[in-house]
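Shown next, in structure tokens, is the structure this report addresses.
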Amino acid sequence: MYPYPSIRLLSVILVVLLFTSACAVPTVQPPEDTVVVVDAGEDSVATATPISEEEDPATEPIPPLDDPELIAAAERAQELRVATAFEADSLDPARAHPRSSISAMLLRALYQTLVTAPDDPSGEVAPDLAEAWEISDDGSTVTFHLREATFADGSPVTAEDVKFSIERLQGIGGAPAYLANTIDAVEVIDDRTVVLNLEHPDPGILDKLASPAFSVLNRALLIEVEDSTDEEDAVEAWLNANSAGSGSYVLKQREPGAETVLARNEFYTEDPERAEHIVVRIVPDPNEQASQLTAGEIDVALNLTAEVAGNLAENSAVNVVTAPTLDLIFLQANQDPEIGGIASDPLVQRAIRLALDYEGIRELVGGAAVTPPSFLPQGLPEALPEGIDRDLEQARMLLDEAGYQGEEIPLVYPETSSFYAQLAEKISADVNEIDLSVFPQPVPIQLWREGNHPLSLSATGPDYIDASAYLDFLPGGVIANRINWHDDELADLSEFIRTVPDPEQRQELLFYAQELTNERGPYAFVVQPPVFVGLSPGVQGYQYNPQYTTTLARLWFECDCDEAASICSDDCSQRVCWRCRWQCNNVNSC
């Protein structure tokens with residue numbers, strides 16, 4: 001017995017009850033076995049334990065589900081509700097920004113990709129629609145062998161659907177299209193074999209293919225949608241209200257700015273314990289997320305702050321999880337002396353790096369915060385094993401060598417963020433200890449994003465989980481160009497790293513690039529902020545994933561039967577009573 005039986009099962013129960021007796025309310029006999037689901041992360045297993053008549057709790061009559069209000073209550077009980085602070089920017093895989101965490105989470109539920117990103121960023125991609133693949137010796141082709149899979153409308157997934165989806169991504173040219181830049185052509189060999197011909201070796205190609213941008217869509221269905229209208233962007237509009245995938249869920253309803261409802265895809269056979277419905281509700285305020293969580297209105301709160309998470313952990317029965325991300329918060333100094341002034345001096349930049357109290361910053365941020373060793377965050381296998389330690393004496397010597405005369409340096413950060421304000425205050429206090437005059441300066445967010453500041457506090461995250469996603473920090477990349485950092489040696493090294501096929505050589509080159517950046521780059525890598533997630537008691541299967549936020553199909557609810565029976569004996573109208581009656585023999589109210 002899974003935690004969430006389908007509505008069809010409820011209908012069967014209704015029919016049986018109605019035909020059993022027209023006069024009396026039937027009683028449900030206790031089953032011979034009770035299925036107990038034991039959570040072990042991804043490897044959850046189920047074991048059946050017999051219950052003797054002596055051990056079986058008293059069973060009260062369960063009313064027939066012939067009342068619309070009761071049926072509606074049963075349906076609501078099968079929902080797993082998730083609160084997020086952010087809206088999905090698009091549910092069209094070819095247009096959703098790769099860094100939109102909620103778009104990625106929802107697209108992961110609606111669609112499948114050839115491969116999937118692991119929860120542990122040091123791990124390897126896993127099979128999804130592709131059950132096996134081969135990369136040619138020269139790295140120029142990747143051949144995928146598809147397993148049997150079915151779209152939500154019952155039609156088979158074929159290699160033509162893969163080809164259509166990748167070429168659509170390239171043709172639309174939206175925000176994620178650059179991920180397919182190295183794919184020269186997609187060749188269909190047969191229904192279950194597809195070959196990607198690359199312009200040059202791309203060691204990050206498998207990690208890119210795990211991005212939701214490469215979601216495989218139902219070709220025939222989208223062609224039908226496109227042919228049914230002459231309106232521009234009709235397919236995107238349709239995909240924002242419907243889905244065309246083979247994922248664990250289908251898009252049932254979407255109210256932009258409010259909530260998105262997913263319904264279980266019965267053709268998807270993995271993750272059988274997943275919820276019947278998932279409701280993703282937009283709740284921008286972390287305090288309100290916490291309030292709804294403790295009230296039982298939601299089951300998962302994705303965007304708690306350290307303070308709110310701490311209060312929840314101390315004062316409620318909910319579970320709080322924290323995990324490090326692959327996001328980077330960093331200082332960047334403009335290399336143009338007319339903009340950066342004294343901050344453009346590499347000696348001053350190195351002094352700042354040595355002056356930071358990294359341990360104190362981690363304590364300020366809280367949770368599972370870690371210090372990035374360089375432009376590659378902790379967690380990636382190519383990241384340096386160690387970063388920079390604080391050394392105030394060395395920092396003062398570097399300032400003297402730079403001829404620093406007390407010039408003031410504004411530290412720019414977005415004025416709307418209390419988190420950045422606290423961090424800017426801490427950083428300023430740290431560097432003031434070496435008599436470097438840095439002061440926090442909040443600015444409007446649009447002005448902050450322009451990057452034309454002597455020193456600014458910024459942040460970024462990966463579009464896909466591979467070291468090459470961070471090479472924009474090196475000269476020639478978007479981040480470096482924004483602050484006018486030019487270095488021919490590092491620019492050439494960056495381009496070579498993007499194509500070198502040998503993993504050992506690639507890692508050595510990445511180590512070297514990080515060491516050079518730490519020595520002479522215009523950055524100070526401050527902290528990798530963690531996530532703080534609240535889970536209602538009984539929610540199982542949560543795991544943070546840096547690519548997808550979390551995999552919704554793995555989430556399910558396990559009841560504490562004794563606690564549920566106690567609650568329901570006092571107030572059977574609570575949601576827990578409806579939810580747990582299907583798992584617990586001693587919960588028969590409502």
Which heavy atom in [X] sits nearest to a heavy atom in [Y], and how many Å separate them?
| X | Y | result |
| --- | --- | --- |
| A152 | V250 | CB-CG1, 3.4 Å |
| T229 | A234 | CG2-CB, 3.2 Å |
| A83 | N303 | O-OD1, 4.2 Å |
| L169 | A94 | CD1-CA, 3.8 Å |
| V365 | A306 | O-CB, 3.6 Å |
| V320 | A313 | CG2-N, 4.0 Å |

Give, for atom [atom1] of [X] and atom [atom2] of [Y], the distance between the pair rounded to the nearest 0.5 Å.
| X | Y | atom1 | atom2 | answer |
| --- | --- | --- | --- | --- |
| I361 | I329 | CD1 | CD1 | 9.5 Å |
| S215 | L110 | OG | CG | 8.5 Å |
| I166 | L217 | CD1 | CG | 11.0 Å |
| W238 | S243 | CH2 | OG | 6.5 Å |
| L331 | I352 | CG | CD1 | 7.0 Å |
| Q514 | F525 | CD | CZ | 9.0 Å |

For this session: Taking only Lys NZ, Arg NE, NH1 and NH2, and the carboxylate oxygens of Asp or Glu, determine whether K426 and D357 approach each other closer than 4.0 Å.
Result: yes
[X]: what forms a salt bridge (charged side-chain N to carboxylate O under 4.0 Å, His left out) with it, not counting sequence neighbours?
| X | value |
| --- | --- |
| E297 | none |
| R108 | D128 |
| D560 | none |
| E363 | none |

For this session: Decide if the gap between the ring center of W485 and the ring center of F473 is smaller than 6.0 angstrom.
Result: no
Exercise. Are the sulfur (SG) atoms of C584 and C559 separated by under 2.5 Å?
Worked result: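 In this structure, C584 and C559 share no disulfide.
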Exercise. With no hydrogens and no angle check, is any side-chain donor or acceptor of R95 less than 3.5 Å from a backbone partner on S90?
Worked result: no
Exercise. Does any N or O in the side chain of Y111 come within less than 3.5 Å of the main-chain N or O of A244, such that one atom is a donor and the other an acceptor?
Worked result: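 Checked: pair present.
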Exercise. Does the pair M105 and L302 meet the rule for a side-chain contact (heavy atoms from CB on, under 4.5 Å), with working shown?
Worked result: CA-CA 11 Å; M105 181 180 72; L302 290 176; 3.9 Å; yes
For this session: Evaluate the criterion side-chain contact (heavy atoms from CB on, under 4.5 Å) for residue pair Y523 and T517; output intermediate values, then yes/no.
Result: CA-CA 8 Å; Y523 310 109; T517 301; 4.0 Å; yes
Exercise. Among pairs that include at least one residue of residues 457-472, which meet side-chain hydrogen bond (donor to acceptor under 3.5 Å, both in side chains), considering only residues two or more places apart or in two chains?
Worked result: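 Only R99-T460, R99-D463, Y178-D463, Y464-S468, D466-S468, D466-R506 qualify under side-chain hydrogen bond (donor to acceptor under 3.5 Å, both in side chains).
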Any heavy-atom pair between the side chains of [Y] and [X] that's under 4.5 Å?
| X | Y | value |
| --- | --- | --- |
| N265 | S248 | no |
| V235 | R168 | yes |
| S428 | P440 | yes |
| T294 | L312 | yes |
| L262 | L106 | yes |
| P410 | P454 | yes |
| L457 | L411 | yes |
| I278 | Y249 | yes |

For this session: Determine, stepwise, if the pair I339 / H453 fulfils side-chain contact (heavy atoms from CB on, under 4.5 Å).
Result: CA-CA 6 Å; I339 299 173; H453 315 290; 5.8 Å; no
Problem set entry | Verdict with supporting geometry, T371 and R362, side-chain hydrogen bond (donor to acceptor under 3.5 Å, both in side chains) | CA-CA 7 Å; T371 301; R362 292 194 300 271; 2.7 Å; yes
Side chains of [Y] and [X]: any donor to acceptor distance under 3.5 Å?
| X | Y | answer |
| --- | --- | --- |
| N240 | D92 | no |
| T325 | Q528 | no |
| R281 | Q292 | yes |

Problem set entry | Verdict with supporting geometry, E87 and I102, side-chain contact (heavy atoms from CB on, under 4.5 Å) | CA-CA 7 Å; E87 171 72 285; I102 302 308; 5.9 Å; no
Exercise. With sequence neighbours left out, which residue pairs that include part of residues 283-318 fulfil the ring-ring contact (aromatic ring centres under 6.0 Å, His included) condition?
Worked result: none
Problem set entry | The single option from T551, T550, N545 passing side chain to side chain donor-acceptor pair (under 3.5 Å) against D119 | N545
